[in-house]
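Accompanying notes for the structure given below.
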Amino acid sequence: FNKVMKNPSHRAVNELYKFLEHGLMPITPEGNFLGYKSVQKDYKDWYSSKFDNSVGQTLSMERNQVCDDPDQGCSYGFHVGTLDYAKNFNGNNRVVIVEVDPADVVSVPHDCNHQKLRTAKYTVVGEFEKPLDNDFSDEYNKEDKQSETLDPEAPIKSLEKKSKITSPISTLKAHKA
């Protein structure tokens with residue numbers, strides 16, 4: 001929540017919540033979020049083929065070089081999307097996982113039902129293998145129920161495990177209360 005409030009654009013803050021909620025995007029312990037990006041087989045971006053999106057790369061541009069108009073679907077800036085958006089962009093593609101600081105988000109275009117955004121900076125943190133976990137994982141819920149009967153400290157251990165990545169919806173609920 002604190003990082004979101006460092007974003008200088010009121011509109012971008014409000015649009016970002018819609019994107020995070022729609023895509024159930026995981027939040028990192030540092031307050032950033034994870035998203036997906038479609039890239040070419042050689043990890044270059046689709047538009048210019050100049051930006052290397054290999055794991056470990058941090059890409060950035062001046063914020064004022066990113067289009068802040070949410071009514072323009074395709075425009076300047078780095079694009080990050082939901083899994084559905086990234087997987088279906090340009091068909092046969094490679095999808096990478098990126099980490100974005102909410103303060104760097106510039107706009108969420110209206111044309112894709114809150115499935116993509118434009119940002120001034122992101123870091124490529126992995127390649128897509130399976131959908132990212134979020135706080136609503138059945139695996140965690142089953143583990144909680146099983147462990148509560150076996151180990152009295154299990155709920156604490158489970159909370160520690162869950163706190164590594166949280167759901168944007170639980171974060172929103174906590175801050176709106």
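One-based numbering along the sequence shown.
- At a threshold of 4.5 Å between non-hydrogen side-chain atoms, the residues Glu127 and Val55 count as touching.
- The structure places CG of Leu34 at 5.5 Å from CD of Glu99, a figure rounded to the nearest 0.5 Å.
- In this structure, CG in Asp104 is found 5.0 Å from OG1 in Thr119, a value given to the nearest 0.5 Å.
- In this structure, the side chain of Arg11 does not engage the main chain of Val108 through any donor-acceptor pair within 3.5 Å.
- A 6.0 Å sphere centred on CD of Glu129 holds no more than 12 heavy atoms belonging to other residues, nucleotides or ligands.
- Two residues are said to be in side-chain contact when any heavy atoms from C-beta on lie closer than 4.5 Å; Met61 and Phe78 meet this criterion.
- Lys116 and Cys112 make their closest contact through CE-SG, 3.9 Å (heavy atoms, listed as atom of the first residue, atom of the second, distance).
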Asp52 and Lys44: CA distance, side-chain angles, deciding distance, side-chain contact (heavy atoms from CB on, under 4.5 Å) verdict: CA-CA 5 Å; Asp52 180 6; Lys44 300 291 185 188; 4.0 Å; yes
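- For the pair Tyr122/Asp101, no side-chain contact is recorded, criterion being any heavy-atom separation below 4.5 Å from C-beta on.
- How far CG of Leu83 is from CG of Leu24: 11.0 Å, rounded to the nearest 0.5 Å.
- No donor-acceptor pair under 3.5 Å is formed between the side chain of Asp68 and the backbone N or O of Val106.
- Two residues are said to be in side-chain contact when any heavy atoms from C-beta on lie closer than 4.5 Å; Val98 and Phe33 fail this criterion.
- Not one N or O on the side chain of Asn32 forms a donor-acceptor pair closer than 3.5 Å with the backbone of Thr28.
- The shortest side-chain heavy-atom distance between Ser9 and Arg63 falls under the 4.5 Å cut-off.
- If you take OH on Tyr47 and OH on Tyr76, they are separated by 5.0 Å, rounding to the nearest 0.5 Å.
- With no hydrogens or angles considered, a side-chain donor-acceptor pair links Gln40 and Ser49 at under 3.5 Å.
- With a 6.0 Å cutoff to the six-membered ring centre and a 45° limit on the axis angle, Arg94 counts as a cation-pi contact of Tyr43.
- The two residues Gly73 and Pro109 come nearest to each other via the heavy atoms O-CG, 3.9 Å.
- Looking at Met5 and Val13, their side chains come closer than 4.5 Å, going by heavy atoms from C-beta outward.
- Between the side chain of Lys37 and the backbone N or O of Val124 there is no donor-acceptor pair closer than 3.5 Å.
- The closest side-chain donor-acceptor pair between Asp84 and Thr82, if any, does not fall under 3.5 angstrom.
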Begin with the C-alpha distance, continue with both residues' side-chain angles, and end with the deciding distance and a verdict on side-chain contact (heavy atoms from CB on, under 4.5 Å) for Leu16 and Asn7. CA-CA 10 Å; Leu16 176 59; Asn7 190 310; 5.5 Å; no
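- Note on ring orientation: taking the six-membered ring where Trp is involved, the planes of His114 and His110 are perpendicular (angle over 60°, cut-offs 30° and 60°).
- Using a 4.5 Å heavy-atom threshold, the side chains of Phe128 and Tyr36 count as touching.
- Of the inter-residue distances, the one linking Phe19 atom CZ with Ser107 atom OG reads 11.5 Å to the nearest 0.5 angstrom.
- Using a 4.5 Å heavy-atom cutoff, the side chains of Ser38 and Lys87 are not in contact.
- Put simply, the side chain of Asn113 never gets that close to the backbone of Asp111: no donor and acceptor are under 3.5 Å apart.
- Ile27 CD1 to Leu20 CG: the interatomic distance, rounded to the nearest 0.5 Å, is 5.0 Å.
- The shortest non-hydrogen separation linking Ser48 to Phe51 is OG-CD1, 3.6 Å.
- The nearest pair of heavy atoms linking Lys121 to Ser60 is CG-CB, 3.8 Å.
- With hydrogens and angles disregarded, a donor-acceptor distance shorter than 3.5 Å links the side chain of Asp45 to the backbone of Lys50.
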